[in-house]
Asks: 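Structure in structure tokens, see below.
The figures that follow rest on heavy atoms only: side chains count, while hydrogens, waters and symmetry mates do not. So you know, we letter chains A, B, ... as the sequences are listed, proteins then strands, and number each from 1.
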Amino acid sequence: MTRVSLSRLPGERVLAVEDGGERTLALAELPSYVAGREGDGPRWVWDDTARWYPPLLAAGVRVARCHDLRLGHHLLRRAPAVEARLLAGEQSEHWDRLGPSTPSDPALFAADDTAEHLRANLEDARQLAAVARASGPGEAARLELLLAAESAGALVAAEMTYAGVPWRVDIHHHLLTDLLGPRPPRGARPALLQAAVAEVREALDAPGLNPDSRPELLTALRRAGLEVTDTRASTLRALDHPAIEPLLRLKRLSHLFSTNGWAWIDQWVSGGRFRPSYQPAGSATGRWSSNGGGALSFPVQVRPAAVADDGWTFVVADVAQLEPRVLAGMSGDRALARSARGADLYQGMVDDGAVASRNDAKLGLLGAMYGATSGESGRMVAGLTRRYPAAFGLVEEAAKAGEHGEVVRTLLGRGSPGLGDPWDLDPDATQVDPDSELRLRRAYGRFTRNFVVQGTGAEWALCWIADLRNRLWRLGGAGPLESRPHLVFFLHDEVVVHTPVDLAEDVAASVAEAAATAGALLFRDLPVDFPLNVSIVRSYADAGKPGATAEG
DNA sequence: GATGCTAGCGCC
DNA sequence: AAAGGGCGCTAGCATC
């Protein structure tokens, strides 16, 4: 396949390099150039999809394939099968340092320093060589798949931000007004929030109390005879006092007001679309993170405002028990794969005679993946290890490796950050004291234990949305992205597709076919089912409800 | 006035 | 006796 690498040159120009030669063009010509070449199906190679792709989308140009060098570089640098030395060379220290471009720093090609003018073709050659020489049977092919999926994910992320989630501001406003009262002036509390404050003050006999201040609130609660050391809702719920009900209501309303209130609408909804910003591979495990809009917590409370356009609908799909299924596939555990047949893996474990109840199955599996060693969950792990030795053994090995300070990897070859790298630790923690050293190793062991499953789950999900993206494109007519069925939301194991109503059933079928494709790509040796819950709904809030299910 | 941290909440 | 992974966002509070 032809690879065309694009690099920015000083003076609003672009260098395009491919096997047959190179040419330069004006930045303004880029969309028409890319659109013209796209027919040959090249893989576009660029430093950062989040910088190159949005202007193309804005010009109505969609690309089929790309290779994101920034994501590739970071991935390969940590991949245990890759020799780091192969990635070193001209400008490579710049690639090491290249961070994601963020919405707050959007200026495509703004500055004129070296980092702005990295030669994509040089880095591309190094990455290709590093993958080709990966050590171990099948490693190069797995890394190729991972890089392709990672880059496809970056395309999806840019397209979703571009298209946005259809958002009915009028419905959102209604919702806020019903719960909080009319929009208050800046700095003031909405009426119903203020009313809750008054009730709390009254019930605690604390007329001047500012309930937003933890210390003040704690003092007031103690003065009322409530022995609490924190002000969490779960703590308060256990108490019996007239102040508790208004206080919990106040917390709920206050959270809605501050996180998804009018200010949120002003900032993140425009032109009837909610456009969060996604950061592919933003977390160490390869899961996406987000740096604006709060895409990772799309609160149930405001989902009613996500409503498809007239004549359009949403197809919402999530995978049932993704990570346990991934664990079955990557460990080659035939017993667990057998239990995973059908819609409910936990029930499958019960039917298999492995556990007495669905809840026990869930406790045991989650405990194994998160590192629970005690309580009910810990006890279930012990019993299930005998029943599913390969699956439970795999996470156990990953935990041991972590406790020994070793790096672990996902199925496709993403490496975990090392114990010395900043993964989630207090950088000031000087571990002289052997106790904290042990705690640190245990914590790292829990991280590596979870890393292998969560990371491979993220790989499955990337393959899923990458394949789905292509299927959706083929379903549509001849128009631009937003005139065809297209992804508008993705979160770990769930997708939302915005589609013309008459294509909804085809989209639902595509989502399931893409899931099967992803499973086959990752776990060719051991077939594992990845059943989906699929809903065809006008509003996101209706997804998953009885009657919304599209197909079995 | 900017910055960094925590508590608490939300999502998977 | 208790012991669970990954994220983001806001407000308050401390610090410089």
Side-chain angles (χ1 to χ4, degrees), chain A residues 102-103 187 189 210-218 228-237 247-248 250-261 263-264 267-268 276-303 318-324 326-327 362-381 395 398-399 402 408 410 416-417 423-424 426-428 438-439 442-458 460-461 489-495 540:
Chain A
T102 64
R189 288 194 184 94
N210 169 17
D212 294 333
S213 161
R214 262 187 315 269
E216 275 191 48
L217 183 56
L218 270 178
V228 286
T229 53
D230 65 71
T231 63
R232 264 179 236 136
S234 58
T235 304
L236 299 177
R237 234 183 303 272
L247 185 50
L248 290 173
L250 169 62
K251 276 173 164 286
R252 213 170 43 242
L253 294 180
S254 171
H255 190 258
L256 173 65
F257 176 57
S258 59
T259 61
N260 293 100
W264 180 89
Q267 186 171 7
W268 296 108
S277 146
Y278 299 89
Q279 200 173 303
S283 95
T285 58
R287 273 189 177 182
W288 291 14
S289 62
S290 118
N291 52 12
L296 267 66
S297 65
F298 200 136
V300 172
Q301 261 188 318
V302 298
R303 287 187 192 187
D318 69 72
V319 193
Q321 305 131 350
L322 172 62
E323 288 175 358
V326 162
L327 176 57
K362 188 172 177 175
L363 276 175
L365 263 177
L366 292 181
M369 293 188 298
Y370 290 159
T373 56
S374 72
E376 220 180 325
S377 186
R379 280 193 296 283
M380 296 314 306
V381 172
V395 285
V408 296
T410 61
S416 65
W423 54 286
D424 189 19
D426 180 1
D428 300 332
L438 184 65
R439 270 203 302 277
R442 290 244 170 91
Y444 185 66
R446 283 193 299 278
F447 170 69
T448 52
R449 172 193 290 274
N450 187 253
F451 178 93
V452 294
V453 182
Q454 187 184 120
T456 306
W460 182 92
F489 188 69
F490 165 63
L491 182 57
H492 308 323
D493 63 357
E494 175 170 10
V495 293
Y540 189 16

Asks: Applying ring-ring contact (aromatic ring centres under 6.0 Å, His included) to Phe490(A) and Tyr278(A), what does each step give before you reach the verdict?
Replies: CA-CA 9 Å; Phe490(A) 165 63; Tyr278(A) 299 89; 7.7 Å; no
Asks: Does dG5(C) have its OP1 or OP2 closer than 4.0 Å to a side-chain nitrogen or oxygen of Thr285(A)?
Replies: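 Thr285(A) to dG5(C) OP1/OP2: no side-chain N or O under 4.0 Å.
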Asks: Reckon Asp230(A) touches a base, only the sugar-phosphate, or nothing at all at heavy-atom distances under 4.0 Å?
Replies: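 Touches sugar-phosphate only.
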Asks: Output yes when at least one side-chain N/O atom of Lys251(A) is less than 4.0 Å from OP1 or OP2 of dG8(B), else no.
Replies: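 It does not, given that no N or O in the side chain of Lys251(A) lies less than 4.0 Å from OP1 or OP2 of dG8(B).
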Asks: Can you check the Leu256(A) CG to dC9(C) C1' distance for me, whole Å?
Replies: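 Interatomic distance, CG of Leu256(A) to C1' of dC9(C): 14 Å.
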Asks: Shortest non-hydrogen contact from Gln454(A) to Ser283(A)?
Replies: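 That closest heavy-atom pairing would be OE1-OG, 4.4 Å.
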Asks: Under 4.0 angstrom, heavy atoms only, what part of the nucleic acid is Ser254(A) near: base, sugar-phosphate, or nothing?
Replies: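 It contacts nothing in the nucleic acid.
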Asks: Closest to the Tyr370(A) side chain: dT6(B), dG4(C), dC9(B)?
Replies: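 The answer is dG4(C), which lies nearest to the side chain.
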Asks: Give the nucleotide from the list dA11(C), dC9(B), dG6(C) with an atom nearest to the side chain of Arg287(A).
Replies: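 Looking only at side-chain atoms, Arg287(A) lies closest to dG6(C).
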Asks: Between dG5(C), dC7(C), dC13(C), which one does the side chain of Ser213(A) approach most closely?
Replies: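 For the Ser213(A) side chain, the nearest candidate turns out to be dC13(C).
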Asks: Which listed nucleotide (dG8(C), dC12(B), dG5(C)) is nearest to the side chain of Ser289(A)?
Replies: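 Looking only at heavy atoms from C-beta outward on Ser289(A), the closest nucleotide is dG8(C).
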Asks: Within the 4.0 Å heavy-atom criterion, would you say Ala295(A) contacts the bases, only the backbone, or no part of the nucleic acid?
Replies: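 Since no nucleic acid heavy atom lies under 4.0 Å of Ala295(A), the category is nothing.
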Asks: Closest to the Asp212(A) side chain: dC9(C), dG12(C), dG10(B)?
Replies: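 Selected nucleotide: dG12(C).
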Asks: Checking contacts here: which listed nucleotide (dC13(C), dC11(B), dC12(B)) is nearest the side-chain heavy atoms of Glu494(A)?
Replies: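 Nearest listed nucleotide: dC12(B).
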Asks: Taking the minimum atom-to-atom distance to the side chain of Thr259(A), which one of dG5(C), dC7(C), dT10(C) wins?
Replies: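 The answer is dT10(C).
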Asks: Report the C-alpha distance between Glu323(A) and Lys362(A) in whole Å, list the side-chain angles of each, state the deciding distance to 0.1 Å, and finish with yes or no for salt bridge (Lys or Arg N to Asp or Glu O under 4.0 Å).
Replies: CA-CA 12 Å; Glu323(A) 288 175 358; Lys362(A) 188 172 177 175; over 6 Å; no
Asks: Kindly give the heavy-atom pair with the smallest separation between Ser289(A) and Gly282(A), and that separation in Å.
Replies: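 Heavy-atom minimum between the residues: OG-CA, 3.3 Å.
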Asks: The side chain of Gln454(A) lies closest to which of these nucleotides: dC11(B), dG6(C), dA11(C)?
Replies: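 Nearest listed nucleotide: dG6(C).
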Asks: Gln279(A) has an atom CD; how far is it from atom P of dG6(C), in whole Å?
Replies: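 So the two atoms are 17 Å apart, to the nearest Å.
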Asks: When the axes are fitted on five pairs at both termini, how much does the helix from dG1(B)-dC16(C) to dC12(B)-dG5(C) curve, in 10° steps?
Replies: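 Both end axes considered, the difference amounts to 0°.
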Asks: Measure CE/Met380(A) against P/dG4(C) and give the value in whole Å, please.
Replies: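 Distance check: Met380(A) CE to dG4(C) P gives 18 Å.
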Asks: Under 4.0 Å, counting only non-hydrogen atoms across every strand here, what does Val453(A) touch: a base, just sugar-phosphate, or nothing?
Replies: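 Answer is nothing: Val453(A) stays at 4.0 Å or more from every strand.
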Asks: Working to the nearest 0.5 Å, report the span between CG of Asp212(A) and CZ of Arg189(A).
Replies: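 That separation rounds to 5.0 Å.
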Asks: Grab the CZ-C1' distance between Phe298(A) and dG8(C) for me, whole Å please.
Replies: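 These atoms are roughly 15 Å apart.
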Asks: With no hydrogens and no angle check, just 3.5 Å: does a side-chain donor-acceptor pair link Asn291(A) and Gln279(A)?
Replies: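 On atom types as modelled, these side chains qualify, holding a pair under 3.5 Å.
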Asks: For Arg442(A) and dA2(C), give me the distance from atom CZ to atom C1', rounded to whole Å.
Replies: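 Going from Arg442(A) (CZ) to dA2(C) (C1'), I get 12 Å.
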Asks: Could you tell me the separation between the CG atom of Leu217(A) and the P atom of dA11(C), rounded to a whole number of Å?
Replies: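 Leu217(A) atom CG is separated from dA11(C) atom P by 17 Å.
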Asks: Give one of base, sugar-phosphate or nothing for Arg252(A), where a contact means two heavy atoms less than 4.0 Å apart.
Replies: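 Contact class for Arg252(A): none.
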Asks: Looking at dC9(B), dC12(B), dA11(C), which one has an atom nearest to any side-chain atom of Ser258(A)?
Replies: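 So the side chain of Ser258(A) is nearest to dA11(C).
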Asks: Within this structure, what is the CG-to-C1' distance between Asn291(A) and dC7(C), rounded to whole angstrom?
Replies: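 The distance from CG of Asn291(A) to C1' of dC7(C) comes to 12 Å, rounded to the nearest Å.
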Asks: What is the distance from OH of Tyr278(A) to P of dC11(B), rounded to the nearest Å?
Replies: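 Checked: the OH to P distance equals 16 Å.
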